[in-house]
Asker: 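Below are the structure tokens for one structure; questions will follow.
Residue numbers start at 1 and run along the sequence shown.
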Amino acid sequence: MTELFIKIFLALVLGGALGMERQYHDKPAGFATNCLICLGAMLFTVLSQIMGWAGGDPGRIAAQIVTGVGFIGAGSILRDGNKISGLTTAAGVWLVAAIGMAIGYGEYIWASCCAAAILLVQLGLRRTLHLVERMRHYDTIYLTCDPSWAVVEKIQTQLEKQNIHLLKREITKQDNVFHVALVATFTGHEFQTIAKGLLEMPEVHSLYQ
């Protein structure tokens, strides 16, 4: 019984630590969700062991944890046009379930080390992204504007004034507006300047990266 309480406690602590990082950065699947996922994976793993002691197949329940948590992770992935968000949260949910399974099997050191590694990746990745923001990199600017080639040329001229090298452009017409995709090299700071300048143009309706 004492070992069961240790597993419950550790599942709540590790799941909660990973969930707090998600919640602090205002991401889906926060503190409560990660606690429940880790605790549920641990409990199902313990039940699979009990099933094995009773002569059943101990792998049947454990195998379904991966499938079940996949549905939860898929629910956090969102698509907005050409942008996809939630992949990191989905991967986090998957790993939290794996940590819960490790706790259920009594691999406390494995579970703790992996949770620490995930936190290091999550926190270190954000610092790395800040450095990347200062470097020029290829990215795509998506915008909608009036259906006029003169407007597209005006947008391109605006970019050239800011020394932005345009690599490629794609234009489609839909719902009586132009949907323009511009591939260029710029830094995160330069994108803010680009967006501000383009959105001040009355012909430009929307813009995102």
Side-chain angles (χ1 to χ4, degrees), residues 17-34 37 70-96 116-209:
L18 296 172
M20 282 296 292
E21 184 276 329
R22 294 279 85 192
Q23 190 149 340
Y24 177 77
H25 291 104
D26 196 25
K27 300 295 183 180
F31 177 77
T33 303
N34 279 276
I37 291 171
F71 283 102
I72 299 174
S76 65
I77 299 174
L78 301 174
R79 184 185 181 99
D80 182 13
N82 292 312
K83 296 194 73 176
I84 298 176
S85 61
L87 288 174
T88 303
T89 299
V93 166
W94 181 57
L95 285 168
V96 167
I118 294 169
L119 284 174
L120 285 174
V121 169
Q122 295 282 44
L123 298 175
L125 179 63
R126 294 185 179 278
R127 294 192 176 186
T128 303
L129 288 176
H130 286 309
L131 293 175
V132 172
E133 285 290 307
R134 300 176 184 177
M135 300 172 58
R136 282 204 166 197
H137 58 281
Y138 289 102
D139 211 335
T140 306
I141 301 172
Y142 301 94
L143 57 88
T144 58
C145 63
D146 290 347
S148 168
W149 288 104
V151 173
V152 176
E153 294 299 328
K154 185 178 178 182
I155 291 170
Q156 186 168 337
T157 301
Q158 178 80 1
L159 294 177
E160 290 172 352
K161 286 181 180 178
Q162 300 180 44
N163 296 319
I164 303 301
H165 175 62
L166 188 63
L167 185 68
K168 180 182 177 183
R169 74 179 188 185
E170 293 182 1
I171 304 169
T172 57
K173 184 177 180 181
Q174 186 178 2
D175 299 328
N176 202 34
V177 294
F178 273 0
H179 295 265
V180 185
L182 303 171
V183 180
T185 56
F186 48 84
T187 66
H189 178 72
E190 285 175 334
F191 173 75
Q192 295 178 8
T193 306
I194 294 167
K196 182 179 179 181
L198 293 179
L199 288 174
E200 287 177 350
M201 297 170 56
E203 302 91 346
V204 176
H205 308 308
S206 66
L207 181 149
Y208 63 93
Q209 185 179 5

Asker: Could you measure the distance from the CD atom of Gln158 to the OG1 atom of Thr193? Nearest 0.5 Å is fine.
Answerer: 10.5 Å
Asker: Any idea which heavy atoms bring Val204 and Leu199 closest together, and the distance?
Answerer: CG1-CD2, 4.3 Å
Asker: Holding to side chain to side chain donor-acceptor pair (under 3.5 Å), I want the full list of residues that pass it with Thr140, two or more places apart in sequence or in another chain.
Answerer: none
Asker: Using side chain to side chain contact (heavy atoms under 4.5 Å, CB included) as the criterion, point out the one residue from Thr89, Val93, Val96 that pairs with Arg22.
Answerer: Thr89
Asker: According to side chain to side chain donor-acceptor pair (under 3.5 Å), who are the partners of Thr33, at least two apart in sequence or on a separate chain?
Answerer: none
Asker: If you measure from CG on Leu159 to NZ on Lys161, what distance do you get to the nearest 0.5 Å?
Answerer: 11.0 Å
Asker: Rounded to the nearest 0.5 Å, what separation is found between the CD1 atom of Ile37 and the CH2 atom of Trp94?
Answerer: 14.0 Å
Asker: Would you compute the distance between atom OG1 of Thr144 and atom CG of Asn176 and round it to the nearest 0.5 angstrom?
Answerer: 12.0 Å
Asker: Nearest 0.5 Å, what's the CD1-CG distance between Ile194 and Leu207?
Answerer: 9.0 Å
Asker: Return yes when atom CE of Met20 has more than 12 non-hydrogen atoms of other residues, nucleotides or ligands closer than 6.0 Å, and no otherwise.
Answerer: no
Asker: Going from CD1 on Ile164 to CD1 on Ile141, what distance comes out if it is rounded to the nearest 0.5 angstrom?
Answerer: 7.5 Å
Asker: Determine which pairs satisfy salt bridge (Lys or Arg N to Asp or Glu O under 4.0 Å) with at least one residue from residues 170-184, sequence neighbours left out, and list them in order.
Answerer: Lys168-Glu170
Asker: List, one per line, each side-chain donor-acceptor pair under 3.5 Å for residues 146-157, sequence neighbours excluded.
Answerer:
{"residue": "Asp146", "atom": "OD1", "partner": "His205", "partner atom": "NE2", "Å": "2.8"}
{"residue": "Ser148", "atom": "OG", "partner": "Ala150", "partner atom": "N", "Å": "3.2"}
{"residue": "Glu153", "atom": "OE2", "partner": "Arg169", "partner atom": "NH1", "Å": "3.4"}
{"residue": "Glu153", "atom": "OE2", "partner": "Arg169", "partner atom": "NH2", "Å": "3.4"}
{"residue": "Lys154", "atom": "NZ", "partner": "Glu203", "partner atom": "OE2", "Å": "3.3"}
{"residue": "Gln156", "atom": "OE1", "partner": "Arg169", "partner atom": "NH1", "Å": "2.7"}
{"residue": "Thr157", "atom": "OG1", "partner": "Glu153", "partner atom": "O", "Å": "2.9"}

